[in-house]
S.K.: 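Following this message is one structure expressed as structure tokens.
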Amino acid sequence: MSVSPLRPPQQHEEIAAHLRDEIFTGRIPAGEPLPSEADLCEQFNSSRGPVRQAMATLRAEGLISSGRGRRSLVLSNIRTESFEEILSNTAWIVNLGKAPGQVLEHYGLAPLPQHAADVLRVPGGDEAVTVQRTRTADGAPLVIESLYFHPSVTNALDGVDPEHDSIHRRLVSSGIDFNNLSRALTVHAATDNEADALDIAPGTPVIQVEMRVFDHSGRPVELAVQTYRADMITIGLNNVRGHSSPLWFEIDS
């Protein structure tokens, strides 16, 4: 299965990706300054606009300081996720240096469960492409994926072989615009079926992530319900003063 980017990166994304790699590998350690804007412009044959946009992205991720007339300093070398890594567990697993795999249980048209239909804003029971599989990392079961796609993208997925093809890559190449998403995390005790798929004891805590994916106009494209082994992942978030946090907390009544 291909793990190259879903779409060609823009120049500011290339610059940001290069700087992240320099930071995460320790070539620019915490406390050290980044190259100057002029040096980055020369290195990437770029104007200052894409360089400044790349720097703004890294500041929002909590990786570098604001600069304020001086060269920005590296604040943290804890890796952050790209949009593609959030959207695709394959990309995420590969970028963590592990080999992705899957145990596929279902791929194809099926009636949407009511909750998925509500999220996708279609009548309950409408048929759409759904996926049920367990993703593995270096052969170890890591996450159960339940994916539900909007009925409008059904034709774009015709002929996809989920054992070898990337579903999201096919949609992107068909013009589907994955623009923004939201995730909600909850913890519950693994059911018997979840425990069997993840090779854990029933009742073991698992982390469930419900991800809603939208296009640029806010129309829903996909609902993903992902159930992770809690003993195999760590969740973290970088924050910088002056930037709002994407993390939110609620207390269930």
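The structure presented is a predicted model; accordingly, all values stated were derived computationally and were not measured. Scope of the values below: all heavy atoms of this structure, side chains included, with no hydrogens, waters or symmetry mates.
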S.K.: What residue pairs, at least two apart or across chains, pass salt bridge (charged side-chain N to carboxylate O under 4.0 Å, His left out) with a residue in residues 173-191?
M.R.: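 Sorted pair list: Glu81-Arg183.
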
S.K.: So which pairs with a foot in residues 38-47 pass salt bridge (charged side-chain N to carboxylate O under 4.0 Å, His left out), sequence neighbours left out?
M.R.: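 Every pair satisfying salt bridge (charged side-chain N to carboxylate O under 4.0 Å, His left out) with a residue in residues 38-47: there are none.
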
S.K.: What residues, two or more places apart in sequence or in another chain, satisfy salt bridge (charged side-chain N to carboxylate O under 4.0 Å, His left out) together with Glu145?
M.R.: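 Checked Glu145 against salt bridge (charged side-chain N to carboxylate O under 4.0 Å, His left out); matches are Arg133, Arg135.
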
S.K.: Quick one, Tyr228 with Leu185, criterion side chain to side chain contact (heavy atoms under 4.5 Å, CB included). Give me CA distance, side-chain angles, the key distance, then yes/no.
M.R.: CA-CA 10 Å; Tyr228 293 85; Leu185 285 69; over 6 Å; no

S.K.: How many angstroms lie between CG in Asn89 and OG1 in Thr136, if you round to the nearest 0.5 Å?
M.R.: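 Output value for this atom pair is 11.0 Å.
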
S.K.: List the residues meeting ring pair (Phe, Tyr, Trp, His ring centres under 6.0 Å) with His18, not counting sequence neighbours, and say none if there are none.
M.R.: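 With sequence neighbours excluded, His18 shows a ring pair (Phe, Tyr, Trp, His ring centres under 6.0 Å) to Phe44, given in chain and number order.
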
S.K.: Is there side-chain contact between Val103 and Pro141, with at least one heavy-atom pair below 4.5 Å?
M.R.: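 Val103 vs Pro141: side chains apart.
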
S.K.: How long is the gap from CZ on Phe149 to CG on Leu223, to the nearest 0.5 Å?
M.R.: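 With rounding to 0.5 Å, CZ (Phe149) is 10.0 Å from CG (Leu223).
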
S.K.: Would you please say whether a donor-acceptor pair under 3.5 Å links the side chains of Ser166 and His168?
M.R.: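 No - no donor-acceptor pair under 3.5 Å links their side chains.
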
S.K.: ring-ring contact (aromatic ring centres under 6.0 Å, His included): which pairs involve residues 108-147, sequence neighbours left out?
M.R.: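 Non-adjacent pairs meeting ring-ring contact (aromatic ring centres under 6.0 Å, His included): zero.
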
S.K.: Restricting to side chain to side chain contact (heavy atoms under 4.5 Å, CB included), what partner residues turn up for Phe83, sequence neighbours left out?
M.R.: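 Scan of Phe83 (side chain to side chain contact (heavy atoms under 4.5 Å, CB included), adjacent residues dropped) gives Leu87, Phe178, Leu181.
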
S.K.: Tell me whether the count of non-hydrogen atoms from other residues, nucleotides or ligands lying under 6.0 Å of CG in Asn45 goes above 12.
M.R.: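 For Asn45, atom CG is not crowded (no more than 12 foreign heavy atoms under 6.0 Å).
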
S.K.: Partners of Asp192 by salt bridge (charged side-chain N to carboxylate O under 4.0 Å, His left out), sequence neighbours excluded?
M.R.: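 Partners of Asp192 under the salt bridge (charged side-chain N to carboxylate O under 4.0 Å, His left out) test: none.
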
S.K.: Taking Glu85's backbone N and O only, do any of them form a donor-acceptor pair with Ser88's side chain (distance below 3.5 Å, no angle check)?
M.R.: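 Absent.
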
S.K.: Is there any ring-ring contact (aromatic ring centres under 6.0 Å, His included) pair reaching into residues 189-220, and which pairs are they, with sequence neighbours excluded?
M.R.: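 Listed by first then second residue: nothing to list.
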
S.K.: Is it the case that the side chains of Thr57 and His12 hold a donor-acceptor pair, with the cut-off being a distance below 3.5 Å and no angle test?
M.R.: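 The criterion, which ignores hydrogens and geometry beyond distance, is not satisfied for Thr57 and His12.
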
S.K.: Sequence neighbours excluded, which residues qualify as salt bridge (charged side-chain N to carboxylate O under 4.0 Å, His left out) partners of Arg121?
M.R.: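 By the salt bridge (charged side-chain N to carboxylate O under 4.0 Å, His left out) rule, Arg121 matches no residue at all.
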
S.K.: Considering residues at least two apart in sequence or located in another chain, which fulfil the side chain to side chain contact (heavy atoms under 4.5 Å, CB included) criterion with Thr234?
M.R.: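 Thr234: no side chain to side chain contact (heavy atoms under 4.5 Å, CB included) contacts found.
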
S.K.: How would you list, by chain and number, every residue that makes a ring pair (Phe, Tyr, Trp, His ring centres under 6.0 Å) with Tyr107, sequence neighbours excluded?
M.R.: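 With neighbours one apart ignored, the set is empty.
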
S.K.: My understanding is that only residues two or more places apart in sequence, or in another chain, count here; which of them pass salt bridge (charged side-chain N to carboxylate O under 4.0 Å, His left out) with Glu210?
M.R.: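 Listed in chain order: Arg212.
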
S.K.: For a quick check under 3.5 Å, do Thr191 and Asn193 share a side-chain donor-acceptor pair by atom type?
M.R.: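 Absent: no donor and acceptor within the cut-off.
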
